Each structure stands twice: as C-alpha cells, then as structure tokens.
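Here the structure comes first, spelled out in structure tokens, and everything after it is commentary.
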Protein chains: 2
Amino acid sequence: MSAEPQPIHPRKLEIVEAAVTCFLEKGYHQTGVRDIVGQAGISLGNLYNHFKGKEAILVFIAKIEGQELSDFIDRLSDNDDPRATLGWFITDYAAYVSLPENALLGAEILTESLRNPAIADVFGRNRSRLIAALAGCITQGTKSGIFAPQVDPHMVACLILDALEGKGLRSLSSPSGDNLTRDAIGSFILNGLKP
Amino acid sequence: MSAEPQPIHPRKLEIVEAAVTCFLEKGYHQTGVRDIVGQAGISLGNLYNHFKGKEAILVFIAKIEGQELSDFIDRLSDNDDPRATLGWFITDYAAYVSLPENALLGAEILTESLRNPAIADVFGRNRSRLIAALAGCITQGTKSGIFAPQVDPHMVACLILDALEGKGLRSLSSPSGDNLTRDAIGSFILNGLKP
DNA sequence: AGATAATGAACGATCGTTCGTTCATAACAT
DNA sequence: ATGTTATGAACGAACGATCGTTCATTATCT
C-alpha cells in the first residue's frame, strides 16, 4: 500500500528499533532524541539525515503498526465461514494485543493521536480499516443467517476490539489468567451473535 | 474516604481547575507549570505553596475522579434488581465517559498510570473498586437466577467498561450516533447475560 | 508581631533542532 | 587509468527555548 518505493536505509530501521525501545520504556514525550540516538548508537545529528524530526519517527512506527494490522485484515476478508473466522481473530488478536510491546505502543499511539493530527491521520486510517474488515465479516454472517440479524456489526466490531485491547492493557499490571478470559470473551460475543 | 481533614484552600481548587483545562488541551506532559499558573492567574512560585509539584496535581485530579466514581459504585451496591441496576449504569456511565473532558482526562490518567507508580496506585485502586462493584451486581444477578450462571461476572464487568469507554474515546474524533450505539451495547450485553 | 500567601527572578537541566564540517564512496572527465 | 567533482552519511558543538523547582523577598491577613 504505502510501501516506500526505494528500499529503506538499514540505519533508518535501527533508529526505529531504538525509538520503539525508548518509547516503550519511557513513553513518547518522556523520550528525548538523545535517548534514541544513544540507544541506536549513532550521533545526534545523523538522526536528522534519516528523519525530519522526532514526530516523523512515531508516524513511521504507526505506519508499521498499520502494516501488521493488514495481516489481520487480509485474513478477515476471505469469508466462507464467518463464525470460524471470528473465532481465530479473537484468539490471534488477543495474543497480539497481549504482548506488552504491542499493548504499550498501541496505547502510546492512540493517546498521541488524540492531539497530534499527523498521528491521528495514520492511526485513524488503520483503525477504520480494521473495524470495517471486522464488521464486514460479521455482516457476512448475518446475511448468511449464521448470526442474528438485529445486532449492529459495527458496534460488535468495536466491542471486540475494545474488549481485547482492554484485556491487553490490563495484563500489563496484573499477569492474570490470560487464555481463560480470552475464551470467555470469545464465547460471550459469539453467543450474543447467535440468532 | 480519603477526604482531607482540614478544608481545602480555595486557591488549591482553582489550580486544579486550571490544570484540568490545560491537561485537556495539551495533555499532561505537554503542559508546563507555567501554563497552569497562567491559566489560574497566579504566580509561578505560589503553585508550590499548594502542591509539592506538578505530579501531585495529577494525583489530586485522579483522586477527584475516584470520588466521582464512588457515586456510581454506591448506586451499584443497592441491588434488589440487578437487571435494572445494570441498565441505568450503562446509560449513566456512557453519558459520563462520553463527556469529552472525562474521556480525555481518563485516557490521560490511564496512560500516565502505565509508567508512573504514584498515579498507578490511585488509578488502580479506583478501577478495582468500580470493577468489583459492577461484578458484584452481576454476581447478584446470577445468584438470583436473573443472569446466566456460566458467564464470568468479572469478565463482563470489564467488557462493559471497555465498551463504554472505548465508545467515549471514539466519540472524540467522530461525533457519531451516541445513544443508539449506547443502547445497542446495553441490549447486546444484557442479552448475553440472559439464562 | 507572627503566620500564611503571594511574587517573580534565577537556577541547572534538558528539550528538539540546526549548523558547519569531515570523510568515504561514486560518478564523471580526461 | 588517473585526476576531479559530487554525493550523502556521520558527527558533535552550539542554539534558543522551555522545563520543573527553589528561594529570597514582599504583601496580606489574624
């Protein structure tokens, strides 16, 4: 989609990796560019040969996150069995957002998107695509009679994402039962979709 | 509960109010103490006569948020009709978290609690109380046979909060249909609780 | 008088960014 | 092949701005 035409300079990826490490540890605003270049093992000035500024790094990271989401979206689209599709999505997406790195980074990007238009643009686009794909899967199910017709697909799509991401955030501070609650969420929602 | 013994200096509340305004507009870390004292119309040094530092202001705000939550918790406790209780909670809490001020401030506090132990302490305590009260209401319902016994009350409690707060956050960037989705969430969950 | 509230200059630290420079490599000209 | 020019990654000092906090001082009250 938005893949860069020319291959990305390896140093650029090193910077991104270092930035992610710093953002996870201290958060975006608490991280200084000197933290990043220190982590990356490069000089201060060199960072600006690869990125326009600090914000551009976070935008780049948000775009990468969007690419990772594309995997889910693609698999959400081939849709002969919406019930099974929804099943693995809940399983896999729960695993994805339960990785501390993804949960923390997602929270960081979401929070920043509330006030930073550049981030909001990338984040909003990614989010809309994911919700649309998920809602599309549910719509498919209602059309084929597998799911109840009176439920709003878009609402359930948001509900699923909110529930799983909320669980991911919660697991940061309490290493509680993971797969159990994940399955509980899954069966509650699938049960609610039953006609 | 944690009400201060001696009455609070009016100036202290003015500072808090100003800080809230600033935090809403720019976020916690992007707000400088000079922004706060400017908004409050006081001098820079005087702020430190009322608060130990910038962080103490956010802790104070988090405690206030906890008191507002106490209203919900109290009403969640008298529990002769769990179904009706859950109904108004969803309605009222949705209204609460759909106010931009509450949604933004909640997100700010949550994000900060991920790395700031002082905030995490206050926030975590408040959150646990709310979840426990909500789960208690559901448990009451299952015991009296109104709700299905196989659903996990704690999971559903988290699901309700995640769904409503997610909706509140979403309404910040898209002023979409409010009460419609709120009711859709409510009936989906109440339907899922049916025995 | 004595306590409390209020002030703003000043401090050291850190912020994100810009700048002039070096240097190894690549492209080109002869 | 040899000398010349062009390119851009890498560097770190330096910039002006802002950060949160402290402090000596003044004003306002009981």
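Because the structure is predicted, anything quoted here is derived from the model rather than measured. In the text below, chain A, chain B and the rest are named by the order of the sequence lines, each starting its count at 1.
Defining each end axis of the helix from C:dA1-D:dT30 to C:dT30-D:dA1 as the rotation carrying four pairs' C1' atoms onto the next four, with five pairs an end, the two axes are found to diverge by 20° to 10 degrees.
Of the residues in residues 29-40 of chain B, those lying under 4.0 Å from DNA chain D by heavy-atom distance are B:Thr31, B:Gly32, B:Val33, B:Arg34. Interface residues of residues 112-119 of chain B facing DNA chain C, ordered by number: none; criterion, heavy-atom separation under 4.0 Å. Within residues 46-57 of chain A, the residues having any heavy atom closer than 4.0 Å to DNA chain D are, in order of number, A:Asn46, A:Asn49, A:His50. Of all the residues in residues 14-27 of chain B, not one reaches under 4.0 Å from DNA chain C with any non-hydrogen atom.
Counting heavy atoms of neighbouring residues, nucleotides and ligands inside a 6.0 Å radius, atom CD of B:Glu68 exceeds 12 of them. Within 6.0 Å of the CD atom in A:Gln30, the count of heavy atoms belonging to other residues, nucleotides or ligands exceeds 12. Surrounding NE2 of A:His154 are at most 12 heavy atoms belonging to other residues, nucleotides or ligands under 6.0 Å away. Summarising the local packing, CD of B:Glu101 is surrounded by more than 12 heavy atoms from other residues, nucleotides or ligands at distances under 6.0 Å.
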Can you check side-chain contact (heavy atoms from CB on, under 4.5 Å) on B:Phe23 and B:Ile36, steps first, answer last?
-> CA-CA 9 Å; B:Phe23 292 165; B:Ile36 300 175; 4.1 Å; yes

Evaluate the side-chain contact (heavy atoms from CB on, under 4.5 Å) criterion for residues B:Leu110 and A:Leu169: first the C-alpha distance (whole Å), next the side-chain angles of each, then the deciding distance (0.1 Å), finally the verdict.
-> CA-CA 10 Å; B:Leu110 173 111; A:Leu169 272 182; 3.9 Å; yes

Take A:Val97 and A:Asn102, measure what side-chain contact (heavy atoms from CB on, under 4.5 Å) needs, and give me the verdict at the end.
-> CA-CA 6 Å; A:Val97 295; A:Asn102 294 330; 5.6 Å; no

Evaluate side-chain contact (heavy atoms from CB on, under 4.5 Å) for B:Met155 paired with A:Lys167, printing each intermediate quantity in order.
-> CA-CA 9 Å; B:Met155 179 245 113; A:Lys167 186 180 87 71; over 6 Å; no

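A chain of hydrophobic side-chain contacts below 4.5 Å, direct or via other Ile, Leu, Val, Met, Phe, Trp or Tyr residues, connects A:Ile64 to A:Val122. One hydrophobic cluster holds both A:Leu86 and A:Ile73 under the rule that ILVMFWY side chains link at heavy-atom gaps under 4.5 Å.
Of the possible donor and acceptor atoms, one in the side chain of B:Asp35 sits under 3.5 Å from a partner among the backbone N and O of B:Gly32. Under the 3.5 Å distance criterion, the side-chain polar atoms of A:Ser174 are left unmatched by any main-chain donor or acceptor of A:Ser171.
With sequence neighbours excluded, no residue forms a side chain to side chain donor-acceptor pair (under 3.5 Å) with B:Lys143. With sequence neighbours excluded, the residues that form a side chain to side chain donor-acceptor pair (under 3.5 Å) with A:Asp92 are A:Arg75.
Judged by distance alone, the side chains of A:Thr111 and B:Thr111 do bring a donor and an acceptor atom under 3.5 Å apart.
Contact annotation: the side chain of B:Val156 never approaches that of B:Phe147 to less than 4.5 Å [non-hydrogen atoms, C-beta and beyond].
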Without placing hydrogens or testing angles, list every side-chain donor-acceptor pair under 3.5 Å for residues 182-194 of chain B, not counting sequence neighbours.
residue	atom	partner	partner atom	Å
B:Arg182	NH2	B:Asn179	OD1	3.3
B:Ser187	OG	B:Asp183	O	2.8
B:Ser187	OG	B:Ala184	O	3.3
B:Asn191	OD1	B:Lys194	NZ	3.3

Considering only distance and modelled atom types, tabulate donor-acceptor pairs under 3.5 Å from the side chains of residues 157-165 of chain B, sequence neighbours left out.
residue	atom	partner	partner atom	Å
B:Asp162	OD1	A:Arg170	NH2	2.7
B:Asp162	OD2	A:Arg170	NH2	2.2
B:Glu165	OE1	B:Arg127	NH2	3.4
B:Glu165	OE2	B:Tyr93	OH	2.6
B:Glu165	OE2	B:Arg127	NH2	2.3

Enumerate donor-acceptor pairs with a distance under 3.5 Å from any side-chain N or O in residues 50-62 of chain A to protein atoms, sequence neighbours excluded.
residue	atom	partner	partner atom	Å
A:Lys54	NZ	A:Tyr28	O	3.1
A:Lys54	NZ	A:Thr31	O	2.9
A:Glu55	OE2	A:Asn116	ND2	2.7

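By the 30° and 60° cut-offs, the orientation of the rings of A:Phe72 relative to A:Trp88 is parallel.
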Pick out the pairs of N or O atoms, protein on one side and nucleotides 26-30 of chain D on the other, that lie under 3.5 Å.
none

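Bounding nucleotides for the chain A contact on DNA chain C, 5' to 3', at a heavy-atom distance below 4.0 Å, are C:dC15 to C:dT18.
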